[in-house]
K.L.:
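Sharing a structure below in structure tokens format, with a few things to ask.
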Amino acid sequence: MATNITWHPSLSRRERNQLRGQRGLTIWLTGLSASGKSTVATALEQHLLHLGRAAYRLDGDNVRFGLNKDLGFSEADRNENIRRIGEVARLFADASTVAITSFISPYRADRDLARKLHAASTAGGDGDEPIPFVEVYVDVPLEVAEQRDPKGLYKKARAGEIKDFTGISAPYEEPLNPEITIKTHENSVEECVAQITQWLADKGYITIP
């Protein structure tokens with residue numbers, strides 16, 4: 001653990017949000033592999049950008065090319081993967097950006113930790129409110145995800161070629177109280193994006209022209 005360090009305050013989050021004209025938050029998509037997380041996250045990012053909102057997508061595969069390339073898929077590495085992403089998403093949201101994450105994030109404890117990081121974030125001081133954390137459960141039955149299997153991962157997991165694969169040889173702990181639940185096997189990508197966008201608008205996080 002680092003020692004001899006000091007936090008250097010900047011603008012309060014309230015001031016930054018006012019200057020940028022939007023409130024930062026994190027939209028955390030979780031679900032099985034092949035549930036549609038990345039597809040929905042990409043479409044949502046594009047939609048918000050077209051609405052004039054600053055948004056940035058953090059994708060599970062993409063992050064492992066750089067920031068988390070030193071991590072594997074053991075339980076400990078998965079935990080650290082999500083911890084780092086929670087910190088990065090919080091920084092984006094603190095900078096008045098809509099951070100959109102799409103990670104399997106199979107363990108409730110890790111998702112709860114990410115939520116707590118946002119709830120406790122008072123780096124800006126001056127009575128800043130917690131950063132909103134919106135958990136989106138991409139709820140797709142295992143059999144549907146396995147039928148999709150665009151990367152052939154389920155097939156390899158069934159053959160024993162991939163260890164600790166979520167849904168097959170490792171658990172996926174469903175969210176107990178997600179803010180939003182979407183079903184990509186019942187609704188189109190556009191309908192899922194509209195559902196999320198409307199929820200954000202209803203909560204006052206964004207405005208829809």
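All values reported here derive from a predicted model rather than from experimental measurement.
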K.L.:
Before giving the answer on side-chain hydrogen bond (donor to acceptor under 3.5 Å, both in side chains), spell out for R148 and T184 the whole-Å C-alpha distance, their side-chain angles and the decisive distance to 0.1 Å.
P.N.:
CA-CA 12 Å; R148 292 174 175 173; T184 60; 3.2 Å; yes

K.L.:
Dump the intermediate steps for side-chain hydrogen bond (donor to acceptor under 3.5 Å, both in side chains) on R20 and T97, then the final yes or no.
P.N.:
CA-CA 9 Å; R20 296 200 64 189; T97 297; 3.2 Å; yes

K.L.:
Could you give the distance from CD (E190) to CG (L44), rounded to the nearest 0.5 Å?
P.N.:
12.0 Å

K.L.:
Output, in order, the C-alpha distance, side-chain angles, deciding distance and verdict of side-chain hydrogen bond (donor to acceptor under 3.5 Å, both in side chains) for N17 and R23.
P.N.:
CA-CA 5 Å; N17 289 345; R23 184 177 184 180; over 6 Å; no

K.L.:
Determine yes or no for a side-chain-to-main-chain donor-acceptor pair under 3.5 angstrom, with K37 supplying the side chain and L32 the backbone.
P.N.:
yes

K.L.:
Okay, side chain of T197, backbone of A194: is any donor-acceptor separation there less than 3.5 Å?
P.N.:
no

K.L.:
Is the backbone of I104 close enough, under 3.5 Å, to the side chain of T30 for a donor and an acceptor to pair up by distance?
P.N.:
yes

K.L.:
Donor-acceptor check, side chain of E179 to backbone of V134, threshold 3.5 angstrom: yes or no?
P.N.:
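Checked: no pair found.
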
K.L.:
Quick one: do N81 and F103 satisfy side-chain contact (heavy atoms from CB on, under 4.5 Å)? Show the steps, please.
P.N.:
CA-CA 10 Å; N81 181 56; F103 293 80; 3.9 Å; yes

K.L.:
Starting from the C-alpha separation in whole Å, work towards a yes-or-no answer on salt bridge (Lys or Arg N to Asp or Glu O under 4.0 Å) for E87 and R90.
P.N.:
CA-CA 5 Å; E87 293 281 5; R90 183 188 63 80; 3.4 Å; yes

K.L.:
State whether a side-chain donor-acceptor pair under 3.5 Å links S102 with D59.
P.N.:
yes

K.L.:
Report yes or no: does Q195 contribute a side-chain atom to a donor-acceptor pair with the main-chain N or O of T181 at less than 3.5 Å?
P.N.:
yes

K.L.:
Would the distance check show the side chain of R84 and the main-chain N or O of N68 forming a donor-acceptor pair, the cut-off being under 3.5 Å?
P.N.:
no

K.L.:
Is the side chain of R111 donor-acceptor paired with the backbone N or O of S105 at a distance under 3.5 Å, no angle test?
P.N.:
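It does hold such a pair.
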
K.L.:
Q22 side chain to R53 main-chain N or O, any donor-acceptor pair under 3.5 Å?
P.N.:
no

K.L.:
Let me confirm one number: the CG-NE2 distance from L49 to H47, rounded to the nearest 0.5 Å.
P.N.:
10.5 Å

K.L.:
Over all heavy atoms of both residues, which pair between L29 and A41 is shortest? Give the atoms and the distance, please.
P.N.:
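Answer, listing the atom of L29 first, then A41: CD2-N, 4.1 Å.
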
K.L.:
Can you see which heavy atom on I131 is nearest to which on G24, and at what distance?
P.N.:
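That would be CG2-O, 4.1 Å.
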
K.L.:
State plainly whether the residues R158 and E146 are in salt-bridge range, i.e. N to O under 4.0 Å.
P.N.:
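Salt bridge between R158 and E146, a charged N being under 4.0 Å from a carboxylate O: yes.
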
K.L.:
Ring centres under 6.0 Å, that's the criterion: do Y172 and Y107 meet it?
P.N.:
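Aromatic pair excluded; centres sit 6.0 Å or further apart.
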
K.L.:
How long is the straight-line distance from CD1 of I208 back to CG of D202, given to the nearest 0.5 Å?
P.N.:
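Separation between the atoms: 7.5 Å.
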
K.L.:
Which pair of non-hydrogen atoms, one from L58 and one from F92, has the smallest distance, and what is that distance?
P.N.:
CD2-CE1, 4.3 Å

K.L.:
Calculate, to the nearest 0.5 Å, the distance between atoms CD and CD1 belonging to Q198 and I196 respectively.
P.N.:
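Result: 12.0 Å between the selected atoms.
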
K.L.:
In terms of side-chain geometry, is the basic nitrogen of R13 or D94 positioned less than 4.0 Å from the acidic oxygen of its partner?
P.N.:
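Judged by the 4.0 Å cut-off on N to carboxylate O distance, R13 and D94 do form a salt bridge.
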
K.L.:
How long is the straight-line distance from CD1 of I206 back to CG of L25, given to the nearest 0.5 Å?
P.N.:
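Here the interatomic distance stands at 8.5 Å.
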
K.L.:
Heavy-atom count around Y56 OH within 6.0 Å, excluding the residue itself: above 12?
P.N.:
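Open.
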
K.L.:
Whether the side chain of N79 engages the backbone of D110 through a donor-acceptor N/O pair (distance < 3.5 Å, no angle test) should be reported.
P.N.:
no

K.L.:
Can you give me the closest heavy-atom contact between A145 and A34, atom names plus distance?
P.N.:
O-CB, 3.5 Å

K.L.:
Using 0.5 Å steps for rounding, measure from the CG atom of D112 to the CG atom of L117.
P.N.:
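If we round to the nearest 0.5 Å, D112:CG and L117:CG are 11.0 Å apart.
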
K.L.:
Do R108 and E135 meet the salt-bridge criterion of a basic N to acidic O distance under 4.0 Å?
P.N.:
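Salt bridge: no.
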
K.L.:
Answer yes or no: is there a donor N or O on one side and an acceptor on the other, between the side chain of Y154 and the main chain of S33, under 3.5 Å?
P.N.:
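At least one qualifying donor-acceptor pair exists.
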
K.L.:
Decide yes or no for I100 and V98: does some side-chain heavy atom of the first lie under 4.5 Å from some side-chain heavy atom of the second?
P.N.:
yes

K.L.:
Do E161 and K156 meet the salt-bridge criterion of a basic N to acidic O distance under 4.0 Å?
P.N.:
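Not counted as a salt bridge, because no side-chain N and carboxylate O are separated by less than 4.0 Å.
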
K.L.:
Taking all atoms of both residues into account, what is the closest heavy-atom pair of V138 and S35, and its distance?
P.N.:
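The pair with the smallest heavy-atom distance is CG1-O, 3.3 Å.
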
K.L.:
For a quick test of reading the model, state the closest non-hydrogen atom pair linking P171 to P106 and the distance between them.
P.N.:
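Between these two residues, the closest heavy atoms are O-CB, 3.5 Å.
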
K.L.:
Please determine whether side-chain contact (heavy atoms from CB on, under 4.5 Å) holds for the pair W199 and I182, giving the CA-CA distance in whole Å, both sets of side-chain angles, and the decisive distance to 0.1 Å.
P.N.:
CA-CA 12 Å; W199 188 93; I182 59 175; over 6 Å; no

